[in-house]
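Every value quoted in this text rests on a predicted model; they were computed, and no experiment measured them. Position 1 is the first residue of the sequence, and the numbers go up from there.
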Amino acid sequence: MVLGLDTCLNACSVAVLDGGTVLAHASEAMARGHQERLAPMVQSVMAEAGLTFEQLERIGATVGPGSFTGLRVGVAFAKGLGSALAIPAVGVGALEALAAEAGGLVAAAIDARRDQLYLQVFEDGHALMAPDVLPLGTAAARLAELSMGRPLTLIGSGAPLLADAARGADVRTPDGCDARHVAKLAAARSPGPLRPLYLRAPDAKLPGGRDP
């Protein structure tokens, strides 16, 4: 039994899986308020699945990139629950979880603002590049280099910003990562330290010294 959590983007998503079977799933669009909604959603999903927390074997949580506050909420919750239950808490990249929504060639892109994108490209589930934060022009060039004109899916809040560089692409803009994919990815990897993925320092300043 694996509990999947996502609080990195503009949604709060929770799912519990038994192997490849989804027992229960819930998702709510929200830019803020993950801290207040996460625990009640987890309780509700566990009740819908007919499980006790002691039956869980692993927890998967998105670790970024994304909202600094949101990802800290998910990581702290996963660590705390995992420690209480003495089970592993496993980190899953938000770009990887987004890309799991589609097959074939997939570019997961999150709007990092300041004319930048968080970008990672996958083919049939295999990463063709490490997650990175890039200026829009550099991201478009990297995408063109890796796709070589082949059909692809653009997914994430940054997908529309790359649409001109990949004409004809299937563009998708979900509010967040699907916790069902998070749980599935977490179940397939070895446990390791659960740490936020910061591709850009959370205290980075805008030009002129202004906060992000």
Exercise for the section: Check whether more than 12 heavy atoms from other residues, nucleotides or ligands sit under 6.0 Å from atom CD of Glu101, and answer yes or no. Expected result: yes
Practice task
Would you confirm whether Thr7, through its side chain, and Gly70, through its main-chain N or O, come within 3.5 Å as a donor-acceptor pair?
Solution key: yes
Handout entry: Distance in Å, Asp115 CG paired with Arg113 CZ, rounded so as to fall on 0.5 Å steps
Key = 12.5 Å
Exercise for the section: Tell me, with the steps shown, if Leu117 and Val133 meet side-chain contact (heavy atoms from CB on, under 4.5 Å). Expected result: CA-CA 5 Å; Leu117 287 174; Val133 57; over 6 Å; no
Problem - More than 12 heavy atoms of other groups within 6.0 Å of Arg195 CZ - result: no
Handout entry: Side chain to side chain, Thr153 and Leu105, heavy atoms closer than 4.5 Å
Key = no
Handout entry: Working for side-chain contact (heavy atoms from CB on, under 4.5 Å), residues Asp111 and Leu161
Key = CA-CA 8 Å; Asp111 187 354; Leu161 300 175; 4.0 Å; yes
Problem - For Ala166 against Leu154, the heavy-atom pair lying closest together - result: CB-CD1, 4.2 Å
Practice task
Would you give the length of the straight line joining atom CE of Met129 to atom CD of Gln120, rounded to the nearest 0.5 angstrom?
Solution key: 6.5 Å
Exercise for the section: Indicate if Leu85 and Leu51 have the same hydrophobic cluster label, given that clusters are the connected sets of ILVMFWY residues with side-chain heavy-atom separations under 4.5 angstrom. Expected result: yes
Practice task
Could you check if a side-chain atom of Leu98 sits within less than 4.5 angstrom of a side-chain atom of Pro174, using non-hydrogen atoms only?
Solution key: yes
Problem - Charged N-O contact under 4.0 Å between Asp170 and Arg172 - result: yes
Exercise for the section: Identify the two heavy atoms, one from Leu9 and one from Gly66, that lie closest to each other, and give their separation to 0.1 Å. Expected result: CD2-CA, 4.0 Å
Exercise for the section: Write down the atom of Val2, the atom of Gly60, and the distance for their closest heavy-atom approach. Expected result: CG1-N, 4.5 Å
Handout entry: Donor-acceptor under 3.5 Å (Thr62 side chain, Ala94 main chain)
Key = no
Exercise for the section: Take His126 and Glu123 through the side-chain contact (heavy atoms from CB on, under 4.5 Å) test and state the conclusion after the steps. Expected result: CA-CA 5 Å; His126 301 288; Glu123 187 165 16; 5.7 Å; no
Exercise for the section: Please determine if Glu96 and Arg189 form a salt bridge, counting it only when a charged side-chain N lies under 4.0 Å from a carboxylate O. Expected result: yes
Exercise for the section: Look up atom CG in Leu197 and atom CG in Leu71, then write down how far apart they are to the nearest 0.5 Å. Expected result: 8.5 Å
Exercise for the section: Ignoring hydrogens and angles, tell me if any N or O in the side chain of Ser27 forms a donor-acceptor pair with the backbone of Ser13 under 3.5 Å. Expected result: no
Handout entry: In one Ile/Leu/Val/Met/Phe/Trp/Tyr side-chain cluster, 4.5 Å: Leu199, Leu162
Key = no
Exercise for the section: Would you check if Leu128 and Phe122 make a side-chain contact, meaning some heavy-atom pair closer than 4.5 Å? Expected result: no
Practice task
Find out whether Val92 and Val63 are in side-chain contact, i.e. whether some heavy atom of one side chain is under 4.5 Å from a heavy atom of the other.
Solution key: no
Fill in the blank from the handout: The reported gap from CG in Leu5 to CG in Leu81 (rounded to nearest 0.5 angstrom) is 8.0 Å
Problem - Main-chain N/O of Ala186 paired with Arg58 side-chain donor or acceptor, under 3.5 Å - result: yes
Handout entry: Check: Ile59 and Ile87 side chains under 4.5 Å, non-hydrogen atoms
Key = yes
Practice task
For the residue pair Val16 and Val42, establish whether any side-chain heavy-atom pair is separated by less than 4.5 Å.
Solution key: no
Handout entry: Under 3.5 Å donor-acceptor, His34 side chain and Ala11 backbone
Key = yes
Problem - Step-by-step side-chain contact (heavy atoms from CB on, under 4.5 Å) determination, Leu152 to Val106 - result: CA-CA 6 Å; Leu152 81 155; Val106 186; over 6 Å; no
Practice task
Kindly check if the number of other-residue, nucleotide or ligand heavy atoms within 6.0 Å of CG (Asp18) is above 12?
Solution key: yes
Fill in the blank from the handout: Heavy-atom nearest pair, Val182 first then Ala97, reads CG2-CB, 4.0 Å
Fill in the blank from the handout: In this structure, CG of Leu56 is separated from CE of Met46 (nearest 0.5 Å) by 4.0 Å
Fill in the blank from the handout: Shortest non-hydrogen pair, Leu185 vs Ala100, comes out as CD1-CB, 4.4 Å
Handout entry: Joint hydrophobic cluster, Phe68 plus Val73, side-chain heavy atoms closer than 4.5 Å
Key = no
Handout entry: Verify same cluster id: Tyr118, Val75 (apolar side-chain graph, 4.5 Å)
Key = yes
Practice task
Give a yes or no on whether the backbone of Leu134 and the side-chain of Asp132 come within a donor-acceptor separation of less than 3.5 Å.
Solution key: no
Completion exercise
Distance col, row Arg72:CZ vs Lys79:NZ, nearest 0.5 angstrom, shows 12.0 Å
Exercise for the section: Would you check if the side chain of Ser44 reaches a backbone N or O of Pro40 as a donor-acceptor pair within less than 3.5 Å? Expected result: no
Fill in the blank from the handout: Looking only at heavy atoms, the pair that brings Ala139 and Leu119 closest together is O-CD2, 3.8 Å
Handout entry: Residue from Leu23, Leu17, Thr52 passing side-chain contact (heavy atoms from CB on, under 4.5 Å) with Met1
Key = Leu23
Handout entry: Side-chain (Asp6) to main-chain (Cys8) donor-acceptor, under 3.5 angstrom
Key = yes
